[in-house]
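Single-structure report; data block below.
One-based numbering, in listed order, for ligands and for the atoms of each. Positions are given from 1 along the sequence.
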Amino acid sequence: MASLFKDPSKLSAYRDRKFPGNQEEFEHALQTSITVYIGNMSFYTTEEQVYELFSRAGEIKKIIMGLDKNTKTPCGFCFVLYYSREDCEDAVKYISGTILDDRPIRVDFDWGFQEGRQWGRGRSGGQVRDEYRTDYDPDILSLGGYGKLVQRE
Ligand code: GTA
C-alpha cells in the first residue's frame, strides 16, 4: 500500500544560495542534518507554539525564530534543531502540511543553522517570498497584505 506520508528521503527544490559548497555537498548536508526549516508560518506564531507542535516528533535541542532584520520581529519562518535524524525525518514526514495558526506550514530539511540565517533576506527586511507575493495575505499587513514589489507596480 502506498504510504499516506511523504518520502523523507525526497528533498525539496530549495537551494540556499549562501551554502558554502557544491550541490553534492548541499544534498549530503540535507540528508544527514538534524535541522528543519519551517515556512509559511503566521507572523503571530510563538516559539512556545512551535515547541509544542514540533516536540511531537522528538526532543528538541533548539528553536530559532526567523526575524525581520529591520524590525527584529517574527517574519514567518523558523529553524528547529533535534537531537536525532529520525526525529528530524518524522517532522518532515508528519508535521509538514499541518495547520498552525490557520496556516498550512511547510517543513523542509535544512543544511544546518549558522549565525545570520535567522534574518529575512528580502530587501524590506522580511522573507524574499513575501516581496513577490501576489495573493492577499493578512499576515503581511505591514506590506499592505501584498508583496512589496507588487505594490510598486
Ligand atoms: N531549508 O525552503 C527553504 C527555505 N526558504 C524558502 C528560506 N530558507 C529556507 N531553508 C530551507 N528551505 O536562512 C532559509 C534561508 C535563510 C532564511 C530566510 O530561511 O536559507 P529568505 O526566504 O528571506 O531568503 O530566507 P532566501 O531563501 O535566500 O530567498 P530566495 O531563495 O531568493 O527565495 C525564497 C523563495 O521566494 C523562493 O523559493 C520563491 O518561492 C520565492 N521567490 C524568490 N524570488 C522570486 C521571484 N523572482 N519571483 C517569485 N517568487 C520568488
Side-chain angles (χ1 to χ4, degrees), residues 6-47 49-50 53-54 57-58 60-101 103-137 139-153:
K6 285 191 304 176
D7 177 354
S9 63
K10 294 233 166 58
L11 302 178
S12 77
Y14 178 77
R15 170 84 165 92
D16 185 358
R17 56 206 153 89
K18 298 213 171 165
F19 175 76
N22 61 29
Q23 183 63 21
E24 200 183 323
E25 289 163 331
F26 183 63
E27 285 176 15
H28 180 260
L30 296 181
Q31 275 152 358
T32 53
S33 134
I34 49 167
T35 302
V36 287
Y37 158 92
I38 327 302
N40 201 37
M41 278 170 56
S42 162
F43 290 13
Y44 305 104
T45 296
T46 63
E47 187 172 331
Q49 285 173 281
V50 174
L53 178 60
F54 283 83
I60 292 172
K61 190 175 185 181
K62 198 172 179 181
I63 295 173
I64 297 124
M65 298 297 284
L67 303 174
D68 180 300
K69 62 177 178 282
N70 297 325
T71 61
K72 313 283 188 277
T73 54
C75 66
F77 72 97
C78 77
F79 298 97
V80 174
L81 282 64
Y82 286 99
Y83 286 97
S84 91
R85 173 68 187 177
E86 203 186 341
D87 296 346
C88 182
E89 289 189 2
D90 280 349
V92 173
K93 201 168 164 185
Y94 302 115
I95 305 181
S96 194
T98 62
I99 309 292
L100 180 59
D101 271 340
R103 300 174 70 91
I105 53 169
R106 191 168 74 83
V107 185
D108 191 26
F109 289 113
D110 187 73
W111 62 272
F113 178 74
Q114 308 258 307
E115 182 50 38
R117 292 197 63 208
Q118 70 271 41
W119 307 116
R121 295 175 181 169
R123 275 179 274 170
S124 63
Q127 289 180 98
V128 173
R129 68 193 289 267
D130 285 334
E131 303 200 323
Y132 293 97
R133 197 186 285 284
T134 53
D135 54 325
Y136 179 79
D137 187 332
D139 265 0
I140 54 164
L141 277 177
S142 56
L143 304 178
Y146 294 94
K148 193 144 197 156
L149 301 177
V150 174
Q151 280 184 302
R152 286 205 200 107
E153 281 166 7

Taking atom CD of Gln23 as the centre, report whether more than 12 heavy atoms of other residues, nucleotides or ligands fall under 6.0 Å from it.
-> yes
heavy-atom search around atom 35 (C) of ligand 1 in the protein gives Arg129 CB, 4.0 Å
Under-4.0 Å heavy-atom contact between protein and atom 37 (C) of ligand 1 | no
Subset of ligand 1 atoms that lie under 4.0 Å from at least one heavy atom of Arg117 | 10 (N), 13 (O), 14 (C), 15 (C), 16 (C), 17 (C), 20 (O)
Ligand 1 to Asp16 polar contact by distance, N or O atoms, under 3.5 Å | yes
Non-hydrogen atom of Gln118 closer than 4.0 Å to ligand 1 | no
Any Trp111 side-chain heavy atom under 4.5 Å of Arg117 side chain | yes
Do Arg85's NZ or CZ and the ring of Phe109 fall within the cation-pi criteria of under 6.0 Å and 45°?
-> yes
What is the closest protein heavy atom to atom 2 (O) of ligand 1, and at what distance does it sit?
-> Arg106 NH2, 2.4 Å
Basic-acidic side-chain contact under 4.0 Å: Asp130, Arg133 = yes
Per-atom contacts, ligand 1 versus Gly120 - under 4.0 Å to a heavy atom | 23 (O)
Of the side chain and backbone of Arg17, name the one, both, or neither that has a heavy atom under 4.0 Å from an atom of ligand 1.
-> side chain
Would you call Ile105 and Leu53 a side-chain contact if the rule is heavy atoms closer than 4.5 Å?
-> yes
Decide yes or no on side chain to side chain donor-acceptor pair (under 3.5 Å) for Asn40 and Arg103, but give the supporting numbers first.
-> CA-CA 7 Å; Asn40 201 37; Arg103 300 174 70 91; 2.7 Å; yes
Of the listed options Phe113, Phe109, Tyr37, Trp119, closest to atom 19 (O) of ligand 1 (non-hydrogen atoms) | Tyr37
In plain terms, say whether Asp87 and Lys61 are close enough for a salt bridge, that is, a side-chain N and a carboxylate O under 4.0 Å apart.
-> no
Greater than 12 external heavy atoms within 6.0 Å of Lys72's NZ = yes
Using distance alone, decide if ligand 1 has a nitrogen or oxygen within less than 3.5 Å of any nitrogen or oxygen in Asp108.
-> yes
Check: of Tyr132, Trp111, Phe77, Tyr14, min heavy-atom distance to atom 27 (O) of ligand 1 comes from Tyr14
List the closest protein heavy-atom neighbour of atom 23 (O) of ligand 1: residue, atom name, distance to the nearest 0.1 Å.
-> Arg121 N, 2.8 Å
Run the numbers for me: atoms of ligand 1, each under 4.0 Å from some heavy atom of Asp110, listed by number.
-> 1 (N), 10 (N), 11 (C)
Would you tell me which option among Asp68, Ile64, Leu67, Val128 has the nearest heavy-atom contact to atom 32 (O) of ligand 1?
-> Val128
Just heavy atoms, cut-off under 4.0 Å: does Phe19 contact ligand 1 by side chain, backbone, both, or neither?
-> neither
Yes or no on side chain to side chain donor-acceptor pair (under 3.5 Å) for Glu27 and Gln31, after CA distance, side-chain angles and deciding distance?
-> CA-CA 6 Å; Glu27 285 176 15; Gln31 275 152 358; 5.1 Å; no
More than 12 heavy atoms from other groups under 6.0 Å of CD on Glu25 | yes
Ser12 to ligand 1, any heavy atom closer than 4.0 Å = no
